[in-house]
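Okay, so here's the structure we're looking at.
All values below come from the heavy atoms of this structure, side chains included, with hydrogens, waters and symmetry mates left out.
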Protein chains: 2
Amino acid sequence: MATIYDVAKKAGVSPKTVSRVINGNRHVREETKNKVLEAIRLLDYYPHAIAKSLKQKTTNNVGYVVPYGSDFVFRDPGQLEQLKGAHNVLTGEDYNLILSVPNSGREALFEVNRLLKHREVDGLILYAMEGVETLAKDFEEKGLSYVSLGKCYPEQEYNFVEIDAPSGGYLATKYLLSLGHRWIGFITEPARFLAPDKQSMIAGCLKAYAEAGLEFPHHLVLEGDYTVNFAEQAAGWFLSKDPGPTAIFCASDPMAWGLMRGLRKEGLTPGVEIDLMAGDDLPFSRAIEPDLSAVNSRLHELGAEAAEMLLVILRKKREIGTRAKLPGRYLRSELVIRGTTTGHAAKREAAGLRR
Amino acid sequence: MATIYDVAKKAGVSPKTVSRVINGNRHVREETKNKVLEAIRLLDYYPHAIAKSLKQKTTNNVGYVVPYGSDFVFRDPGQLEQLKGAHNVLTGEDYNLILSVPNSGREALFEVNRLLKHREVDGLILYAMEGVETLAKDFEEKGLSYVSLGKCYPEQEYNFVEIDAPSGGYLATKYLLSLGHRWIGFITEPARFLAPDKQSMIAGCLKAYAEAGLEFPHHLVLEGDYTVNFAEQAAGWFLSKDPGPTAIFCASDPMAWGLMRGLRKEGLTPGVEIDLMAGDDLPFSRAIEPDLSAVNSRLHELGAEAAEMLLVILRKKREIGTRAKLPGRYLRSELVIRGTTTGHAAKREAAGLRR
DNA sequence: TTGAAAGCGGTACCAC
DNA sequence: GTGGTACCGCTTTCAA
């Protein structure tokens, strides 16, 4: 395939002039430019991206590292929303996204080194994981760029974007309480998905109960694992409790799907005998279970925002030469009320009727 | 960051020797090797992937181009299974996968050029799309490597892997007929997803009917669009037909989910009043609708197989220097019988009972 | 406005 | 077993 020299020779100019034309430099006579363009067309010439990279010390690749393994990442719609958000932004700016899905935090650290230190990528979007604290300092020193999805260590102030889980828990709980529910069940995030000091949604749930002057039903809290099947089983667990819940809030949409199925199997219709609120509000959810009331976690925006931040950092680095630090951002959830939170179950309960 | 020269200097050897050590060449004295290793460790040295690429004319990146846009690709579990299959294989051999999701075939051709001709990738996995015929010849000429998911043009004999859709249709239909069904409804693949001469699953369905000596119910065929919502609506359409179906086979799992919901809304329980067979058997489906009988399209294998083929092609190119052609492969579906194909509806029909 | 030549960080042919 | 050096294809400083 043709090189810049072939083009130069054919057009009767120097490689530098060809380079100027390619990169839109205005200091080229129109006539010369046309000769070059014609030669490029004739030779079906495309600049060699690698050679350009070597010279310019940038690859136009960004790595995206999620340490939960390919089985999980490719099959969890919530993960994919984040990924999609980042992918959209990145490709919009002509960056390629290189997805790496190691099976553990340990392997992830290895991947991070592979991608960044070998300079296969200009920067990294990475899930919060233990050990990144050490990395962060290393990156700092070496001028490597990254943004994390979630805080990696308690004191991290820069270069992260995170969902404000407690605020989601607060909103959901407050709303359910306002419908008259007294006994709300909770399926939380798996503890292993929480960054070191990140607060669980439960913090917000507790707050809402406290504000309402009610005692929090600790016996109705279950740690989830983000899977549909787990949540389906959970339905029975909740119903075995006394007092049992008149409403359940769970930390992710897939868990809400499972819970819905579990409840139906037990003969309970969400929105009628029991209320249900989900934790993501994924587009996919609206197809599967269109009626689901939810806290919108804005996962797509989360990924997009991380990518935007990284692009700013990369741009600054290119222009000013130094690595920028962007203050961490929190995304607040919003309430989306649909058909599974009617308060009917709460009214029954108030009327002294128990299932 | 340190270069190979820094390491060489620190170890008191030449860059070439360092290169030998890095690449596992045996012609290095143990003592020298240790000196080099120590220097590498001290300097936290990692070889510059880009520089290596330039010299070796390989990038260790593979492109994956799907011309249906990001909204579709990231939210269709079937697409993601294929992608996951390819990603697993590729990363297992230390290749990076660069995902490109242009909005149309037209844009896809542009992407293909961007990735391949600029040498950002060593090879490409691409969805069958119109216009690839021209590309294929261009690739041939320029020695560029690709494998297509589906045949790109009727006479294509090499470098593709494709699901044998008619065989899936045949299996499903034959099985349903064996249960005693006479009137089977069909939701097909969207025509725009079919490669130029690719046969629809319907070809197989026709064959099964013909073998059974029955007339094919053309009035019960509906072209789908692969979405949940479409299929939900389709339930009503089927029930408005006369004679209506006692079983429905649809070309994808997401459509089966929608159809299930639609049928339930109409008061029909799949497996009881009407039989239902899905067209993918996705892992995700087993969580959402665990009971669904299906034709297993082996989408994960499809992606994996495409990646394997591409790796073989790339290996041959490296070793023999010439671009290999691999004969195209067809993947046959398999029947997975679960709870939604019981034949009850067919027996009722035979007994003269109609809904 | 245009060109000559050095250099990015590796690899590898060919000597020793 | 080890090293000197040219070269991959592009960009860029500096001079013309």
Side-chain angles (χ1 to χ4, degrees), chain A residues 1-37 39-40 43-60 114 116-122 142-143 318-319 321, chain B residues 1-37 39-40 43-60 114 116-122 142-143 318-319 321:
Chain A
M1 289 179 53
T3 74
I4 200 170
Y5 297 102
D6 300 329
V7 175
K9 190 184 288 178
K10 180 144 218 146
V13 300
S14 81
K16 173 60 189 166
T17 301
V18 178
S19 176
R20 284 197 182 93
V21 171
I22 294 167
N23 296 299
N25 191 312
R26 290 184 315 284
H27 299 277
V28 180
R29 209 190 308 157
E30 194 67 18
E31 191 190 322
T32 320
K33 186 172 159 185
N34 288 135
K35 269 195 308 192
V36 170
L37 254 20
I40 287 176
L43 294 169
D44 193 28
Y45 166 76
Y46 291 81
H48 195 303
I50 299 295
K52 185 170 177 169
S53 279
L54 180 58
K55 187 62 195 175
Q56 302 198 145
K57 299 177 173 311
T58 96
T59 65
N60 265 36
R114 178 178 77 83
L116 217 34
K117 298 228 174 137
H118 291 220
R119 273 138 303 182
E120 298 198 19
V121 299
D122 295 339
K142 298 222 161 64
R318 218 170 31 232
E319 287 165 8
Chain B
M1 289 177 54
T3 74
I4 199 169
Y5 298 102
D6 301 329
V7 175
K9 189 185 289 179
K10 180 146 221 149
V13 299
S14 81
K16 175 60 188 163
T17 300
V18 177
S19 175
R20 284 196 182 94
V21 171
I22 293 167
N23 296 297
N25 190 312
R26 290 183 316 283
H27 300 276
V28 179
R29 207 191 309 157
E30 194 67 20
E31 193 189 322
T32 318
K33 186 171 157 186
N34 288 136
K35 266 195 312 191
V36 170
L37 256 17
I40 288 177
L43 294 170
D44 192 30
Y45 165 76
Y46 290 81
H48 195 303
I50 299 294
K52 184 168 177 168
S53 280
L54 180 59
K55 185 63 190 171
Q56 302 198 143
K57 298 175 173 313
T58 103
T59 65
N60 265 36
R114 178 178 77 83
L116 216 35
K117 298 228 174 134
H118 292 230
R119 272 136 303 182
E120 298 197 18
V121 299
D122 295 339
K142 298 223 160 64
R318 216 170 31 232
E319 287 165 7

Tell me: [atom1] of [X] to [atom2] of [N], nearest whole Å?
X: Gln56(A); N: dG7(C); atom1: CD; atom2: P; value: 18 Å
X: Ile50(B); N: dG9(C); atom1: CD1; atom2: P; value: 12 Å
X: His118(A); N: dG9(C); atom1: NE2; atom2: P; value: 15 Å
X: Leu54(A); N: dG7(C); atom1: CG; atom2: C1'; value: 9 Å

**Asked** Do the side-chain N or O atoms of Lys57(A) get closer than 4.0 angstrom to the phosphate oxygens (OP1, OP2) of dG9(C)?
**Response** yes

**Asked** Are Tyr45(A) and Ile22(A) close enough that some pair of their side-chain heavy atoms sits under 4.5 Å apart?
**Response** yes

**Message:** For a quick check, tell me whether the side chain of Tyr5(B) and the base of dG10(C) share a donor-acceptor pair closer than 3.5 Å.
**Reply:** yes

**Item:** Nearest-nucleotide 5' precedence on DNA chain C, Thr32(A) against Arg119(A)
**Value:** Thr32(A)

**Request:** Among dT1(C), dT11(D), dG9(C), find the nucleotide with the atom closest to the side chain of Ile4(A).
**Result:** dT11(D)

**Pair Asp44(A) + Lys117(B): basic N to acidic O under 4.0 Å** = yes

**Request:** Between Val13(B) and Tyr46(A), just flag the one whose closest nucleotide in DNA chain D comes earlier from the 5' side.
**Result:** Val13(B)

**Message:** At a heavy-atom distance below 4.0 Å, what parts of residues 14-23 of chain A sit against DNA chain D?
**Reply:** Lys16(A), Ser19(A), Asn23(A)

